[in-house]
Amino acid sequence: MTLAEKIGQMNQVNASDDDMTDQVRQAIGAGRVGSVLNQVDVDSVNELQRIAVEESRLGIPLLVGRDVIHGFRTVMPIPLGQAATWNPDIVREGAQVAAREAATAGINWAFAPMIDISRDPRWGRIAESPGEDPHLASVLAAALVEGYQGEDLAERGTIAACAKHFAGYGASESGRDYSTTNIPENELRNVYLRPFKAAVDAGVVSLMASFSDLDGVPATANQFLMRKVLREEWGFRGFVVSDWDSVRQLGIHGLTENDRESVFQAVTAGVDMEMAGESYVNNLEELIDDGRIDTAMIDTMVSNILRAKIRLGLFENPYTDPAALPAIANDEALETARKAALQSVVLLKNEHRALPLSANKLESVAVIGPLADAPYEQLGTWIFDGDSELSVTPLQSIRDLVGDDIDIRYVRAMPNSRSRTTESFAEAVEIATDSDAAILFLGEESILSGEAHSRADINLPGAQAELVRRIRKTGKPVIAVIMAGRPLTLTNILDEVDAILFAWHPGTMGGPAIADLLFGVESPSGKLPVTFPRMVGQIPIYYSQKNTGKPPSPDTVVLIDDIDARAPQLSTGMTAYHLDAGYTPLFAFGHGLSYAEFDYENIRSSAQEIGMGDTVTIGAELINNGVVAADEVVQLYVRDLVGSVTRPVRELKGFKRVRLEPGERVTVDFELHTDDLAFFGRNMQLATEAGDFHAWIGGSSETGLRTEFRIIDGD
Ligand code: NOJ
């Protein structure tokens, strides 16, 4: 390969319809392009591959990339919603469907999974993330990689995955997108890097460097991340792509004086391919001629990219025949989307068993709100190729489900979720007054979350809270179904509704899933993958916090209204809480109610003491004391009581989704090897430290039965 051809492989260009110029075709023919993105017309993609294969000197096929994040035409719930399923099988299946559908367009590389831990619901990209917990995120990261890539990437219908954004992006300051992140190495390793390690272990083909600045060194120039951790420690053999133009942006960050220096920093740090910029093609050759970058380094980087093309079988099969793949949005794809939506919905509150609605007892139901019949909005962020004509909305599904048995009256009430106008509220109140119950479809449109769509106020936007209050006054049961791309602070409507189903953006089949849950055809089984704050000032709030030297407890918390005005300093509890919010969240990580009644009994540990390298089994019995069959996500948490660095008050270590018939009792066991309890300690080495542990099994991070065990050192 000539140097220009090597640099060509490191260059990814935008080939969207607007950018499909002759220049792009010529550059491919000249061997100056290794990858394109954003072309989804299969004939055009085949034509670009033909130019690469037949007209370029070396005939190297192209990687064809696209943001296939939560579906292609058939849209699954947003990734945060998928995380709420706590079900790696359905998440894997969703990625398989996405890969098969995207492959029909000639796409062979998805910019997914996005596995940035996020503990800040203001951040718009929390919608794309697996939530706050490294264990849940790691399990889902591996499932997603397996889903996209299958067992053999050369098989039809599998595509390369790209774990992003490496790393730390989810900690963007104040939840503002693209903002600075400062993460101490210990927290980086124990929290943010773990899902990436899981993706690498699952064989992910590529990683994308983050836009963000990590401890003063933007990820795109971060040698610690890409050389030390990724290559040296993890032995990653795939390739790293920059984010869109993020090489040139190193100058904008103020890290470099010009593009050439930016290229020097990005290449030295290990960014093998530049996405949608021209810095590599314009500067790399001179940096090599000047002896600042070694050709051996370039050879390694190009090999990383070529290995991916070989794994994909592109040299044997560069072209796509859509007819050889399953049809788009076939029954199986739609069923996967329905199941994923069904399991993603979280029942946050259910006062007096307001849900499920009983079709026998109701004659009329008022359906109200801007998101009841919004086919595009229910799909959520990142749906470049999503087909909103396939969407089945809740209104449609409720009507289909109840048929003539119940009179369904519908008023949208607001043109969109952000609207402040209350003009149609009277009409909404009227139908609620005349009905036996009201279902309010509230939340955020898809445009309020996702990339560059962060919010500082995460209450229900617009006049929605006012709508809730007015409907409440009718005295009818009020059910809120909330679709949103993030946790919302629901404190101001919590007491105004009888039940809340939190449905995220549920995707193509959100309607049938929600209708089945409302009317009890199925029981809700989603669990929160992220903590819901009471108010925005509590952020960051997450369950696996440290104990602090002054942990709060119900006994120490004195809230602002109870402070003795004469001696305020004496009347507070002197512990770590907010005077106006306390210390607990509105809804805890792992929370999610059911129509069944699950009780936990008899937690036990197989041993009180185990040696280093041994396994302990923690088990408990789960009983369905209710009258309906339902799934429960059983969760195992552990606390390491004393560590060389302070340890979280609880850490998720395992979970299982189990289905129980009414009256059924099962034992759920979790095996814990001492390696599962390893963490990066004060010396930044991954190790398990001997000592005492508490373990809980239960249905959320704030409940559960407790047992104990001890790890003793062998010597
Ligand atoms: C920028 C986003 O940060 C990234 O997630 C995405 O894959 C690329 N643009 C390509 O669209």
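When a residue number appears, it is its place in the shown sequence, counting from 1. We count ligands from 1, going down the list as the structure has it; atoms in each ligand are counted the same way.
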| Any Lys/Arg nitrogen of R73 or E389 sitting under 4.0 Å from an Asp/Glu carboxylate oxygen of the other? | no

| query | Salt bridge check: are D67 and K164 linked by an N-O gap of less than 4.0 Å? | reply |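 Here D67 pairs with K164 in a salt bridge, since their nearest N and O are under 4.0 Å apart.
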
| query | Does ligand 1 have any atom that is closer than 4.0 Å to a heavy atom of M114? | reply |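 Contact absent.
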
| message | So is H165 touching ligand 1 or not, going by heavy atoms under 4.0 Å? | response |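 Contact check H165 vs ligand 1: positive.
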
Short list, please: which atoms of ligand 1 are under 4.0 Å from a heavy atom of [X]?
X    : answer
M275 : 8 (C), 10 (C)
K164 : 4 (C), 5 (O), 6 (C), 7 (O)
F111 : 7 (O)

| When you measure from atom 9 (N) of ligand 1 to every protein heavy atom, which one gives the shortest distance, and what is it? |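 Answer, as residue, atom name and distance: D243 OD1, 3.3 Å.
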
| query | Got a sec, which pairs hit salt bridge (charged side-chain N to carboxylate O under 4.0 Å, His left out) with one end in residues 298-309, sequence neighbours left out? | reply |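 Listed by first then second residue: K6-D299.
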
| Side-chain heavy atoms of H505 within contact of T381, under 4.5 Å | no

| query | If we only count heavy atoms from C-beta on, is the Q96 to T158 side-chain gap below 4.5 Å? | reply |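 The answer is no, as the side chains (C-beta and beyond) never meet within the 4.5 Å cut-off.
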
| task | For ligand 1, find out whether one of its N or O atoms is nearer than 3.5 Å to an N or O atom of Y169. | result |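 Between Y169 and ligand 1 (N or O atoms, distance only) the closest approach is not under 3.5 Å.
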
| Close N or O approach (R125, ligand 1; < 3.5 Å) |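 Between R125 and ligand 1, an N or O pair is found under 3.5 Å apart.
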
| message | Can you classify the ring geometry of Y178 versus Y169 as parallel (below 30°), tilted (30 to 60°) or perpendicular (above 60°)? | response |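 Rings of Y178 and Y169: parallel, as their planes differ by under 30°.
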
| query | Take atom CZ in R176; do more than 12 heavy atoms of anything else shown fall under 6.0 Å from it? | reply |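 12 or below, so no.
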
| note | In terms of its nearest heavy atom to atom 10 (C) of ligand 1, the top option of I69, V241, D67 is D67

